[in-house]
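This report concerns only the one structure given below.
Quick note: residue numbers are just sequence positions, from 1.
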Amino acid sequence: MFRSTGLVALLSLGCLTKRVVAAPAHPSRSSSSISWGSCLSFGVNSTDPNLQCGFLEVPLDYHDSSAGNAQLAVAKYVATASKKLGTIFFNPGGPGGSGVEVAADFGPTFSQASQGLFDFVSWDPRGVGNTTPGPVYCFDNAAENAVFFENTPVAYINESIAGKFDKQDYDELYSQADATQQKLKTWSTGCLNGPSGKYLKYIGTSSTVRDLVSLGDAIVGQGQPIDYWGISYGTVIGFNFVNMFPERAGRVILDGVVYHDIWVSYKTQQTSLTNSEKTYSGLTDGCAKAGRAGCKLIEITGDNATGDDVKALIDNSHDLALEIYRKGYNVPVAPGLAKDLLFNLMYTPETWSSEVNTHIYAFVALVLQASQALNITVPGCEKYNVPTGNITLDTGASSPPALVVYSTEAIVGADYFVDDGATIKDVFDAIVDITRDVTPTFGADWSPVYSAYDWPVRSVEQLPPYTPVKLKVPVLVIGNMADPITPFASAQKTADLFGDDAFLIEQLGFGHTSLAQSSSCTFGIMADYFVNSTLPEGRSVQCPVDNSDLFPPLNGTTTAAKRSNKFLRRRL
């Protein structure tokens with residue numbers, strides 16, 4: 001689904017004792033190598049001979065050999081040039097993204113875009129995919145999982161709170177505190193006592209960083225520089241790799257940066273969401289600029305609508321759905337659906353036109369039709385042109401799986417060592433503060449990081465504090481002008497932290513990471529960096545995106561909605 005130009009082409013191209021490690025020692029492990037073969041047994045439907053998979057055995061605990069071993073599922077799309085230039089290790093973020101899937105999906109185009117000069121290697125981190133320890137399950141059977149999934153107060157918070165946090169919102173939220181805390185305690189205890197429980201202390205970023213070094217030892221050689229590209233949560237891995245093993249850091253790209261200080265706390269959302277409203281304004285302004293020829297919402301607002309008018313339409317529709325719900329009527333769509341759909345859209349602006357003209361339009365139309373039929377309204381809705389006819393909304397959603405994987409929460413919880421003693425009221429306070437001070441649109445949305453505030457197990461090895469050290473090669477740091485979950489300020493602060501050992505790109509586009517919109521400028525810098533180890537003069541540069549027209553003319557038809565990239569949606 002990515003275009004074949006620019007940067008996108010390059011890709012497509014309770015608690016246990018916690019160990020703090022003062023020095024970045026990497027204890028020796030038993031010798032292990034990867035026996036490469038077909039990826040079919042990894043669930044990958046590909047017979048491409050250049051795609052290879054295998055396992056690497058590593059210690060569960062790099063400081064305690066008695067703990068046993070883990071098995072990393074690794075995939076490689078091999079370089080096709082007669083003389084390859086090296087190996088690029090990649091992590092797709094999440095946490096919980098499958099590197100094996102990335103290598104299978106994007107390896108061929110990555111190889112073509114890079115002229116076959118590099119092996120492209122990624123892996124399933126601990127808690128993910130085919131790696132052991134594998135996906136985290138917190139219930140023994142589907143019935144137990146279904147009870148939790150259907151009755152969790154988190155669903156109530158998402159669907160029943162307006163998010164303005166006036167007195168009614170505030171009272172309704174905090175009335176759920178005891179029930180939510182008990183429900184999450186039952187869930188986390190189930191995780192600890194469940195089939196994955198014995199491995200939870202070995203899941204986390206510190207172990208994943210050490211696994212990256214072990215992969216480097218096995219694939220590029222003991223002690224050799226490791227070239228790494230991480231996006232989103234993958235930048236947490238990349239930053240800590242550089243910090244813990246500066247002598248092994250080769251060419252390292254941190255793309256869509258999570259600032260290291262905020263990662264270790266549920267309060268990360270207070271910083272992470274600071275550009276979400278700016279991204280949202282990009283969508284509504286683009287819709288207004290396109291007019292009814294490119295954005296069907298203008299049929300409802302009327303011509304000459306501004307971006308603020310479009311935003312008011314969507315916000316009023318959410319409030320209207322909630323008002324219908326609170327009056328006891330069946331609503332045609334769940335009140336929280338609009339904001340959930342919108343936040344997913346913030347990640348991938350190249351889907352804005354197709355998604356707004358299908359799903360967002362249908363949500364607004366259905367709510368307005370219901371309000372007209374029930375004679376229920378909220379201030380501001382009287383002026384809208386209510387669509388007529390039979391309108392349906394297909395979000396592509398499906399029934400929840402019998403057993404839900406909670407790997408994201410397990411990885412987050414393993415790292416969140418500063419939150420010991422937090423209560424659900426602390427989490428609710430953070431949600432209210434974020435909504436009032438950071439993002440009124442998305443602040444009340446429940447995030448997996450909140451579920452992990454009281455996780456019963458922390459990693460056996462905490463992430464160490466940052467220690468300045470001179471690097472052999474500067475780190476390339478990339479941030480978007482308006483990224484909804486990893487704001488540019490985090491990239492700026494990270495580059496400033498590295499000082500002369502970093503080069504910063506501000507990509508002048510929207511969405512999550514530089515992959516959200518292609519930029520020949522960003523791609524060219526990345527290519528020179530990997531191929532020649534060179535960067536432009538100075539400390540930073542701004543790179544325009546190749547296409548800023550995100551609402552092209554509809555030509556009388558509604559474009560079928562494209563699905564956003566599964567590695568970017570709803571992930572850090």
Side-chain angles (χ1 to χ4, degrees), residues 14-16 18 95 138 147-193 200 258-259 261-274 276-277 318 322 325-326 334-336 339-340 343 404 406 408-459 462 485 570 572:
C15 298
L16 302 171
K18 297 168 291 213
C138 298
V147 169
F148 174 79
F149 193 92
E150 293 298 329
N151 296 327
T152 173
V154 170
Y156 175 87
I157 293 168
N158 278 347
E159 300 298 349
S160 308
I161 303 296
K164 294 182 176 65
F165 288 111
D166 53 20
K167 188 177 187 307
Q168 182 178 5
D169 278 346
Y170 190 89
D171 290 345
E172 287 191 15
L173 175 65
Y174 284 90
S175 73
Q176 291 293 306
D178 291 343
T180 303
Q181 178 134 345
Q182 182 56 50
K183 181 65 73 170
L184 292 176
K185 177 63 72 174
T186 300
W187 162 72
S188 62
T189 301
C191 298
L192 182 60
N193 297 329
L200 294 180
V258 181
Y259 191 62
D261 264 0
I262 67 169
W263 171 247
V264 294
S265 171
Y266 68 86
K267 295 180 181 179
T268 179
Q269 296 293 87
Q270 291 177 309
T271 298
S272 296
L273 294 173
T274 53
S276 60
E277 291 292 330
H318 167 271
L322 187 59
Y325 170 84
R326 284 175 168 172
K339 292 186 178 181
D340 191 56
F343 194 60
V404 178
Y406 294 102
T408 297
E409 290 83 354
I411 296 169
V412 170
D415 286 354
Y416 277 21
F417 55 83
V418 303
D419 290 333
D420 290 345
T423 68
I424 194 64
K425 184 180 182 300
D426 296 322
V427 175
F428 284 180
D429 288 345
I431 292 172
V432 173
D433 290 344
I434 292 167
T435 304
R436 288 176 172 171
D437 302 333
V438 179
T439 168
T441 306
F442 306 114
D445 193 44
W446 186 271
S447 166
V449 304
Y450 298 139
S451 301
Y453 80 96
D454 194 29
W455 189 249
V457 179
R458 305 303 184 198
S459 174
Q462 289 183 359
I485 196 69
R570 304 298 285 163
L572 289 175

From CA spacing to verdict: side-chain contact (heavy atoms from CB on, under 4.5 Å), D433, Q270: CA-CA 8 Å; D433 290 344; Q270 291 177 309; 4.0 Å; yes
Is there a donor-acceptor pair under 3.5 Å between the side chain of [X] and the backbone N or O of [Y]?
X: R458; Y: G413; result: yes
X: T274; Y: T271; result: yes
X: T439; Y: T435; result: no

Could you tell me whether the side chain of [Y] reaches within less than 4.5 Å of the side chain of [X], counting heavy atoms only?
X: F165; Y: I431; result: yes
X: T189; Y: P456; result: no
X: I485; Y: F343; result: yes
X: Q181; Y: T423; result: yes
X: C191; Y: W455; result: yes
X: Y416; Y: V449; result: yes
X: D445; Y: K339; result: no

Taking all non-hydrogen atoms of both residues, which atom of [X] and which atom of [Y] are closest, and how far apart?
X: I411; Y: P95; answer: CG2-CB, 3.7 Å
X: V427; Y: Y453; answer: CG2-CG, 3.6 Å
X: A410; Y: L200; answer: CB-CD2, 4.3 Å
X: D426; Y: G421; answer: OD2-O, 4.4 Å
X: A177; Y: F428; answer: CA-CE1, 3.6 Å
X: S265; Y: V418; answer: CB-CG2, 3.6 Å

Is it true that [Y] and [X] share a donor-acceptor pair across their side chains at a distance under 3.5 Å?
X: D429; Y: Y174; result: yes
X: W446; Y: S451; result: yes
X: T441; Y: E277; result: yes

Between [atom1] of [X] and [atom2] of [Y], what distance do you get to the nearest 0.5 Å?
X: H318; Y: D340; atom1: NE2; atom2: CG; value: 10.5 Å
X: Q176; Y: I161; atom1: CD; atom2: CD1; value: 7.5 Å
X: R436; Y: D166; atom1: CZ; atom2: CG; value: 9.0 Å
X: S188; Y: E409; atom1: OG; atom2: CD; value: 11.0 Å
X: D415; Y: S459; atom1: CG; atom2: OG; value: 6.5 Å

Between [X] and [Y], does at least one N-O distance fall below 4.0 Å, as a salt bridge requires?
X: R326; Y: D169; value: yes
X: D454; Y: K185; value: yes
X: K167; Y: E172; value: no

Step-by-step side-chain contact (heavy atoms from CB on, under 4.5 Å) determination, F442 to I434: CA-CA 9 Å; F442 306 114; I434 292 167; over 6 Å; no
D178, CG: over 12 other non-hydrogen atoms inside 6.0 angstrom: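 No, the 6.0 Å shell around CG holds no more than 12 heavy atoms from other groups.
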Near-ring test Y450/Y266, centroid separation under 6.0 angstrom: no
